[in-house]
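Structure record follows, encoded as structure tokens.
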Protein chains: 2
Amino acid sequence: MSTASCPNGTTSCQNCRMNPLCLPLALQVSDMGKLDVVIERGKPLQRRETVFFVGDSYQGVYAVRSGAVKAAITNADGTEQITGFYLPGEIFGWDGLAEGRHTNTATALETTAICAIPADRMDELSVTLPDLRRHFMQLMSRELAVDQQMLALLSKSSAEQRVAALLVSISNRLARQKLSPTRFRLPMSRAEIGNYLGLTVETISRVFGRFQQKQLIAADKRDITLLALEQLQTLSSDSD
Amino acid sequence: MSTASCPNGTTSCQNCRMNPLCLPLALQVSDMGKLDVVIERGKPLQRRETVFFVGDSYQGVYAVRSGAVKAAITNADGTEQITGFYLPGEIFGWDGLAEGRHTNTATALETTAICAIPADRMDELSVTLPDLRRHFMQLMSRELAVDQQMLALLSKSSAEQRVAALLVSISNRLARQKLSPTRFRLPMSRAEIGNYLGLTVETISRVFGRFQQKQLIAADKRDITLLALEQLQTLSSDSD
DNA sequence: CGTCGCTTTGAAGAATTTCAATGCTTGTGG
DNA sequence: CCACAAGCATTGAAATTCTTCAAAGCGACG
């Protein structure tokens with residue numbers, strides 16, 4: 001067993017310790033060694049490369065170490081519906097657990113490093129490490145909560161509210177990683193944002209425009225600065 | 001172990017792949033028998049009585065035996081957003097697992113009998129019954145999938161598609177319970193449907209009207225007859 | 001009988017989509 | 001090194017869908 005507290009002992013994974021969404025957190029130090037066994041590290045993915053496709057058999061879940069990933073389901077007519085964006089420290093791939101095959105396709109949005117957490121190993125360890133098991137169930141439960149917040153958002157909110165909510169969400173998630181919550185580069189295109197939020201590209205573009213006029217953000221293409229996080233937050237949660 | 005529906009790979013769940021909203025809002029206990037050990041029965045709830053409130057500490061999950069339940073989160077402004085309807089045989093309450101307290105309030109839509117599945121028991125049994133553990137994780141995973149299908153639906157679909165999807169969903173879920181998939185009484189009001197689908201009451205009413213004109217359904221208040229299930233299915237999954 | 005809760009219907013208004021066109025970057029081959 | 005294509009972002013104007021506002025109908029229940 002390696003002495004490292006992070007999956008493969010490199011220093012690049014230090015952020016794993018900070019993030020509530022990253023797996024090692026719920027484990028005691030003594031368990032860490034065991035976890036090392038579970039993790040498999042792959043080579044970095046390039047933009048547009050996929051982690052798994054719809055229908056691929058479920059092998060386990062994945063953690064984003066750097067970069068970003070989108071998950072999308074395929075509609076009856078072949079169009080894609082993005083169901084989530086995953087930032088560093090976050091875990092995706094649960095969707096395959098129920099039926100043994102993935103319902104989503106997961107694709108790198110930019111150059112991205114991921115860790116695999118194989119299902120069989122996870123299963124074994126669930127017996128010997130009750131904490132790990134609980135932790136994983138908590139992670140799933142949290143994803144459930146996130147999706148439901150998203151449902152609420154899509155159900156009731158205007159275009160501006162949706163975009164505000166996404167920006168705030170990204171900001172919060174970056175903050176957990178000790179990254180700047182106010183200045184960042186979006187890993188996804190306007191079209192992808194629109195797809196995710198149930199709006200057209202044009203609408204996204206216009207909303208970004210309005211936000212800039214209102215001095216809520218500064219945006220240069222994908223480089224975003226949140227100028228009034230507070231107001232964005234209010235905007236996203238107020239409901240009319 | 002009885003032959004279950006989807007979880008163990010029987011072919012009976014084909015429509016799950018066809019319909020974006022299939023097994024729509026909730027999940028199914030594949031084998032109620034397995035659960036008997038863990039279950040605590042409560043007294044039936046009356047309409048508007050709650051199973052748990054937002055913020056209540058998580059004690060476990062619940063299965064609907066008869067009647068129907070809605071789960072809803074509370075927006076910043078105090079309005080409610082319905083996140084799911086649960087019909088007989090379906091399990092709800094996972095939302096509390098992540099943080100130890102529920103993010104939703106669960107309310108009976110009509111006179112409803114539920115079973116509690118206490119968390120501590122579930123935890124003990126997770127060790128001794130790996131099957132049960134896997135099963136629960138599968139159920140959670142499935143709820144995730146359902147929520148994501150719902151996301152897709154809300155993101156992209158017109159009012160008619162949403163309503164069609166909900167009707168088809170309910171139909172499929174009733175069918176699984178060996179109840180009539182074409183004639184049923186909706187447990188929820190138009191307002192609740194609208195809330196769930198992100199539409200106004202008036203829009204729901206008008207869509208029901210249009211569906212009747214088109215001979216897709218017959219509706220007398222909450223008593224619904226699906227006259228053209230096939231077409232509704234197509235409508236809900238076709239994307240333009 | 002009258003009120004309350006729920007549903008329906010109409011007409012006007014608002015927000016977003018659609019269609020169409022243009023500009024800006026980036027990268028690639030000549 | 002330039003030119004051109006491809007992908008992404010922006011902008012305008014018209015069309016559409018859904019919401020909002022207003023009013024009325026219907027049933028159940030005290």
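Naming convention: chains lettered A, B, ... in sequence-line order (proteins, then strands); numbering from 1 in each chain. What you see is a predicted model; the values in this text were computed from it and never measured.
- Nearest to the side chain of B/S158, among D/dC18, D/dA9, C/dC6, sits D/dC18.
- Residues satisfying the side-chain contact (heavy atoms from CB on, under 4.5 Å) criterion with B/K221, sequence neighbours excluded, are absent altogether.
- Nearest nucleotide to the side chain of A/L199, out of C/dC6, D/dC8, C/dT17: C/dT17.
- Straight-line distance from the CZ atom of A/R162 to the C1' atom of C/dT17: 13 Å, rounded to whole Å.
- Distance, B/D220 CG to C/dT8 C1': 13 Å, rounded to whole Å.
- Under the rule for a side chain to side chain donor-acceptor pair (under 3.5 Å), B/S205 has no partner lying at least two apart in sequence or in another chain.
- Between A/R222 atom CZ and C/dC24 atom C1' the separation is 14 Å, expressed in whole Å.
- Applying the ring-ring contact (aromatic ring centres under 6.0 Å, His included) rule to pairs touching residues 54-87 of chain A yields A/F52-A/Y62, A/Y58-A/H102, A/Y62-A/F92, A/F85-A/Y196, A/Y86-A/F92, sequence neighbours excluded.
- A heavy atom lying under 4.0 Å from DNA chain D marks none of the residues of residues 185-192 of chain B.
- B/R210 places its CZ atom 16 Å from the C1' atom of C/dT7, with the value rounded to the nearest Å.
- Evaluation of the side-chain contact (heavy atoms from CB on, under 4.5 Å) rule for B/T50 yields B/F53, B/T105, B/T107 as partners, not counting sequence neighbours.
- For the pair B/I204 CD1 and C/dT7 C1', the interatomic distance rounds to 12 Å; values are reported in whole Å.
- In this entry the distance linking CG of A/L197 with P of C/dA15 reads 18 Å, nearest Å.
- No contact: A/G194 has no heavy atom under 4.0 Å from any strand.
- Comparing C/dT16, D/dC18, D/dT10 against the side chain of B/A159 picks out D/dC18 as the nearest.
- The side-chain contact (heavy atoms from CB on, under 4.5 Å) check on A/Q212 picks up A/I217, A/A219, with sequence neighbours excluded.
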Can you tabulate the close N/O pairs, meaning under 3.5 Å, that link protein atoms to atoms of nucleotides 20-27 of chain D?
residue	atom	partner	partner atom	Å
D/dT20	O4	B/R206	NH2	2.9
D/dC21	N4	B/E202	OE2	3.0

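- Ion pairing of A/E160 with A/K214 is present here, as a side-chain N (NZ or NE/NH1/NH2) and a carboxylate O approach within less than 4.0 Å.
- Protein atom CG of A/N195 is 17 Å distant from nucleotide atom P of D/dG7, rounded to whole Å.
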Ignoring hydrogens and angles, write down the donor-acceptor pairs under 3.5 Å from the side chains of residues 223-230 of chain A, residues two or more places apart or on other chains.
residue	atom	partner	partner atom	Å
A/D223	OD1	A/R185	NH1	3.2
A/D223	OD2	A/R185	NH1	3.2
A/T225	OG1	A/R183	NH1	3.2

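- In this structure, B/R47 places its CZ atom 14 Å from C1' of D/dC29, rounding to the nearest Å.
- In summary, the side chains of B/E143 and B/S141 do not present any donor paired with an acceptor at a separation below 3.5 Å, with no hydrogens or angles considered.
- Scanning for side-chain contact (heavy atoms from CB on, under 4.5 Å) contacts around A/A68 gives A/L87, A/L109, A/E110, A/P187, with sequence neighbours left out.
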